Each structure stands twice: as structure tokens, then as C-alpha cells.
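Not measured: the values here are computed from a predicted model.
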There are 2 protein chains.
Amino acid sequence: METRRDVFQAIADPTRRAIILLLAVSAMTPNAIAEHFNSSRQAISKHIQVLTECEILKQEQKGREIHYHLNASKMNEIEKWLEQFKQLLAKRFDQLDDVLKQLKSDKK
Amino acid sequence: METRRDVFQAIADPTRRAIILLLAVSAMTPNAIAEHFNSSRQAISKHIQVLTECEILKQEQKGREIHYHLNASKMNEIEKWLEQFKQLLAKRFDQLDDVLKQLKSDKK
DNA sequence: TTTATTTGCTACCATATGGTTGCGAATATA
DNA sequence: TATATTCGCAACCATATGGTAGCAAATAAA
């Protein structure tokens, strides 16, 4: 089993979703991020690592600090899939519409 | 650690995403679903179970067959979160806009 | 230079995940 | 009735996950 590293894996965890929302506002250091949670720095650091592997976060070294930036474009994949889903769903309802129209015309 | 059963967990797995797309078109039995994949019936069955626990699928018994239906409304949660994300992002760009405007007026 | 801060890394742990095989119950078909 | 099909359930396995604690390197501050 290979470990999946994609956007869907990234947003599966509520803490990671919160980190994404945080960094949507502004870039932050790991410690600054961790301060927003009850989890330990190391736990948050692991989430950051996962998000980085998913290419949702990018590092920027500034002295001893590392600023994590959001790669917002990666989120498009979610939207893309959701769009695909909605289209299939719409298609189904269109077909349902056809059936209902058929029933209606049969009545006449 | 409690097992999370939400939409985000549901779509984290590519097989489950495919099952969702399949059922977006029409309800199916577990065997019919499994035929679309290389995985075994039992493996697919487990994914179906997870999706059901996430309340994305609903069962409908028909004789010895069970038809699985999609509860499409559950997917709204993803869209809702994505919307929240996009708003935060837009807000950031607005602020950036303000900064740029500020710089511009400073020049004068 | 000494000390404190920031950070990634490794080792470790309990539980979750995704998969397998096999079984048994219920329903449909011969 | 005997047989086949559909399906959930339980046991089991290897690996992933989310968390912990502790260490070492690099940089900044005293």
C-alpha cells in the first residue's frame, strides 16, 4: 500500500483543514500555527509535513524561522471533482425528467 | 482516538470517490459496484460500509439484493468548507489590494 | 561565549485502514 | 428440496495515522 499524498488526503483531517484555513489568511511559522491548537507542536508539525508532501504548503526559510505558505491552486482539484460529481448528478435528474415527461405523454 | 465518519473521510479514498460518482448516476447493488473495480467484493463492501456510516449511502432492501442510493445532500458540506476557504482567500487578496493601493498613494 | 528559541528528525505507541479469506444467513432458482 | 447467489460479519494481516517524548542543529539574544 503506497501512502496517498493528494488534496483529498490533506483535507481528511479536521486539524489539517483548520491549518489550511489559517494559512489562507496569512503565512505562518509552525509554532505560530501550533498556538492555535490544543495539540502539541510535534503533532502539528506532522500535519504540516503531510500538507507539504501534498504540495499544499510551501516553505520559506527566514533565518531560523520557516514560514509556511499556502499553495491555493492545489485546492482546485477538489472543486474539479465536485464539479464532475454535480454534473453526473444533474445528468441523472435530466434522465429522470425525461422519464417523467414520458409518463406524462403516456397519460394523454 | 475516535474514528471520524464525515464526508471528508469518505472522499479521502480514491475507490470511495469512484463509488460516489458511480452511484451519482444510479443506485446499485454491492456486486454491481464491485464489478467496476479490480478489488474484491469484500474490499468494496468495506468501502460501502464506511460510506454508509458517513451517511452518504442509504440502503434499500429488495429481496436478497440491497440497492445503495446516494445521499447527495451530504456533499454540500464539502462545498460549504470550500466556500469558506475561498472567502478567506479573497479577503487576503482584498487586504493585499489595500496594501498595493496604499503603496500607490504613498508614491504620489 | 553562553543561553534560549525554533525547528526537523527519530523512536515509539495505540489505533485505524485497506485488504484478505472463510462462514453463515437469507433469498431465489433448479 | 437441493443448489446457487447475494450479502454482511468476524478474524486476521501489513501498513498508515495521529499522537507522544527526546535529541540535535541552526540561529538569535544575553
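B:Leu57 places its CG atom 11 Å from the P atom of D:dG8, with the value rounded to the nearest Å. With rounding to whole Å, B:Ile44 atom CD1 is found 16 Å from D:dT6 atom P. Straight-line distance from the CD atom of A:Glu53 to the P atom of D:dG18: 12 Å, rounded to whole Å. In this structure, the CZ atom of B:Phe8 is 21 Å from the P atom of C:dA16, given to the nearest Å. Separating the CG atom of A:Asp6 from the P atom of D:dT17 is a distance of 11 Å, rounded to the nearest angstrom. Going from atom CD1 of B:Ile19 over to atom P of C:dG18 covers 11 Å, rounded to whole Å. As a whole-Å value, the separation of A:Lys62 NZ from D:dA28 C1' is 16 Å. What separates NZ of A:Lys46 from C1' of C:dA14 is a distance of 12 Å, to the nearest Å.
Heavy atoms only, all atoms of each residue included: B:Ser73 and B:Asn71 are closest at OG-OD1, 2.8 Å.
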Restricting both atoms to N or O, compile the protein contacts to nucleotides 4-8 of chain C shorter than 3.5 Å, with distance only.
from	atom 1	to	atom 2	distance (Å)
C:dT5	O2	A:Arg64	NH1	2.9
C:dT7	OP1	A:Ile66	N	3.1
C:dT7	OP2	A:Asn31	N	3.2
C:dG8	OP1	A:Tyr68	OH	2.4
C:dG8	OP2	A:Ser45	OG	3.3
C:dG8	N7	A:Arg41	NH1	3.4
C:dG8	O6	A:Arg41	NH2	3.1

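Distances shorter than 4.0 Å separate some side-chain N or O of A:Arg16 from OP1 or OP2 on D:dG18. Close to D:dA16, at under 4.0 Å from its OP1 or OP2, lies no side-chain N or O of A:Gln9.
Side chains of A:Leu70 and A:Ile56 form a contact here, defined as non-hydrogen atoms less than 4.5 Å apart. Looking at heavy atoms from C-beta onward, B:Phe85 lies out of side-chain contact with A:Ile78 at the 4.5 angstrom threshold. B:Leu57 has its side chain out of reach of B:His69: every pair of non-hydrogen atoms, C-beta onward, lies at least 4.5 Å apart.
Counting only residues at least two apart or on different chains, the salt bridge (Lys or Arg N to Asp or Glu O under 4.0 Å) pairs with a member in residues 7-16 of chain A are A:Asp13-B:Arg4. Applying the salt bridge (Lys or Arg N to Asp or Glu O under 4.0 Å) test to every pair with at least one member in residues 58-67 of chain A, sequence neighbours left out, gives no pairs at all.
In the set C:dA16, C:dG19, D:dT20, the nucleotide with an atom closest to the side chain of B:His47 is C:dG19.
Of the two residues contacting DNA chain D, namely A:Ala12 and A:Gly63, the nearest-nucleotide position lying further toward the 5' end is that of A:Ala12.
Looking only at distances, a side-chain donor or acceptor of B:Gln61 sits under 3.5 Å from a matching main-chain atom of B:Gly63.
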